[in-house]
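Note on naming: letters A, B, ... go to the chains in the order of the sequence lines (proteins, then strands), and numbering restarts at 1 for each one.
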Protein chains: 2
Amino acid sequence: MNKSAMTTAASFAFDASRCLICSARNLNMCGALEQDELSKLSKIARCESFGSGEALFHEGDTANTVYNITDGAVRLSSTLKDGRRQVIGFLFSGDFIGFSDRPNYPWTAEAVRGAKVCRFGRNDIAKLGRELPKVEHRLLEMATSDIASAQEHITMLGQGSAAEKVSSFLLMLSRKAAQRGGVANPVHLPMTREDIADYLGLAFETVSRCFTRLENEGLIAIGSIRVVRIKDAEALADYSENE
Amino acid sequence: MNKSAMTTAASFAFDASRCLICSARNLNMCGALEQDELSKLSKIARCESFGSGEALFHEGDTANTVYNITDGAVRLSSTLKDGRRQVIGFLFSGDFIGFSDRPNYPWTAEAVRGAKVCRFGRNDIAKLGRELPKVEHRLLEMATSDIASAQEHITMLGQGSAAEKVSSFLLMLSRKAAQRGGVANPVHLPMTREDIADYLGLAFETVSRCFTRLENEGLIAIGSIRVVRIKDAEALADYSENE
DNA sequence: TGACTAAATTGATCCCGGTCAACGTCAGTC
DNA sequence: GACTGACGTTGACCGGGATCAATTTAGTCA
């Protein structure tokens, strides 16, 4: 599909000291653990790096691996029989991939413009969960947070106009960037307009038109294609008027 | 809002013997527990009954309670500032209400045409989870299942045409009924056309037209307003052609 | 049973956003 | 610097589904 996915995933094991300096540690599963517990986790972890467009796995693959994202962005998507694609979500540093009860992945995961992840065997994590209830507790917290995101996504898809969807999307990216300690305002968009469209249930032309319109109305300034500055967050929030 | 919500919720405590004969037991949180553990759970449970349209709680209420549904159907919905409503989901016997990390409920929960639930204090469940890791494990399983449902909902909202949405909806209700041990084929619809519309992101007139169209095409037979018989499941599945 | 109201159906019209097409822009490569 | 192909923007047109409106059906209660 994506011809620019030329890089091969690099993979290597690492020790607990690496975890201690991991910038995503407090955001993801590992944040719940003490140093000695962390060494248990690090023993079953593998660090991997993916190039732009490269797939971590494909829809339908046997689901025997889960991931913590430590850097970059990952796109989760499902494809229908006729080729239409729904982007389920964009995941960033601190996010977890793998909440599924099925034997095969129900989605494809691809690095948007490069990503680094910690990879775990599903069975290893299940075993660790039985040994350390903290791990399962933390996973439940993260699953709960995923449910909240999915429900916001549902409301946006079901009730939003095109402009509302794009506004909500920009505010969401801004909020997420802040949550992981990044800059909230010049919003960085690693994904293409088509990715955004497939996330929002729109045509990519419509996304493009909405960006232009929001800029003309003075709500945003499009610095470059991948950088948008929010000029009037209030008005933008009014567009995406979820209670 | 709903003037027919005249019944007042009945509430009473009960002992573990009641749990043993609960038809929803193996579907929900309690299924993971042995008899002695079940008695712990039953001590913190309250059984409640809600009439048609009656609210378990409203969006914004302090979220200090969670629920297991034991009978009937519950509608979860969020309302936007301007009054538009998104139905997040329909929950049935065996389903859990309360996966949220926020201090206040992000949705309103209402009995569709009457429902029975087991009610638990959020703190009590958290405490029980620390004592019995099985409980947290089971909650994680249920949360994972909720994520899968939400993601299917997202794909349907983002990529489906009106007819596809309605077809998927009927098949989903049928599947869910079978999962909880009910009849799969004459599908029972406790909710109104407007409820369905707000779930699917459509106008209720469009939902009505789709029903008529599916009937004219011979895919379904509308017995009464609330009972639809699936005549051609294959063709119906082709409409909702998710891979 | 009839009166009343909510829910559902059906028709007519309109508009938002999809589709198709042309063009512009940028990054990488030779 | 010219070529190339992916990505993005803009315009023209069209159709699916929203909206408004009228009518029918179902459900509830006196």
- Message: I need the CG-P distance between B:Asp198 and D:dG17, as an integer number of Å.
- Response: 17 Å
- Message: Between A:Ile97 and A:Phe57, is there a side-chain heavy-atom distance shorter than 4.5 Å?
- Response: yes
- Task: Figure out the CG/C1' separation between B:Asp195 and C:dA7, and round it to whole Å.
- Result: 11 Å
- Between C:dG17 (C1') and B:Gln159 (CD): distance, integer Å: 14 Å
- Task: Could you pick out which residue, A:Leu202 or B:Ser208, lies toward the 5' side of DNA chain C when each is mapped onto its nearest nucleotide?
- Result: B:Ser208
- 5′-ward residue of the pair B:Ala162/B:Arg113 relative to DNA chain D: B:Ala162
- Message: I'd like to check B:Phe120 versus B:Phe96 (side-chain heavy atoms, cut-off strictly below 4.5 Å). Are they in contact?
- Response: no
Could you write out each protein N or O paired with an N or O of nucleotides 21-24 of chain D at a distance under 3.5 Å?
none

- Base, sugar-phosphate, or nothing for B:Ser224, non-hydrogen atoms under 4.0 angstrom? nothing
- Check whether the side chain of B:Arg209 and the base of C:dG11 form a donor-acceptor pair under 3.5 Å. yes
- Query: Does any N or O in the side chain of B:Thr70 come within less than 3.5 Å of the main-chain N or O of B:Lys116, such that one atom is a donor and the other an acceptor?
  - Reply: yes
- Message: Distance check needed: D:dT19 C1' versus B:Arg84 CZ, whole Å only.
- Response: 15 Å
- On DNA chain C, check which nucleotide each of B:Arg193 and A:Gly201 is closest to and give me the residue with the more 5' one. B:Arg193
- Tell me which nucleotide among D:dA18, D:dT9, C:dG18 gets nearest to the side chain of B:Ala203. D:dA18
- Can you tell if the side chain of B:Thr192 reaches within under 4.5 Å of the side chain of B:Asp195, non-hydrogen atoms only? yes
- Task: May I ask you to test the B:Thr65-B:Tyr105 pair for a side-chain heavy-atom distance under 4.5 Å?
- Result: yes
- Any idea which of C:dT10, D:dT9, D:dG17 is nearest the B:Thr212 side chain? C:dT10
- Task: Measure the distance from CD1 on B:Ile222 to P on C:dA7 and round it to the nearest whole Å.
- Result: 18 Å
- Tell me: CG of B:Leu200 to C1' of D:dG16, nearest whole Å? 16 Å
- Return the value, rounded to whole Å, for the distance between atom CD of A:Glu164 and atom C1' of C:dG17. 14 Å
- Message: With a 3.5 Å distance limit and no angle check, can you tell me whether A:Glu59 reaches the backbone of A:Thr79 through a side-chain donor-acceptor pair?
- Response: yes
- Message: Expressed as a whole number of angstroms, how long is the span from A:Arg213:CZ to D:dT9:C1'?
- Response: 16 Å
- Query: Among B:Arg85, B:Met191, B:Arg113, whose side-chain contact (heavy atoms from CB on, under 4.5 Å) with B:Arg75 holds?
  - Reply: B:Arg85
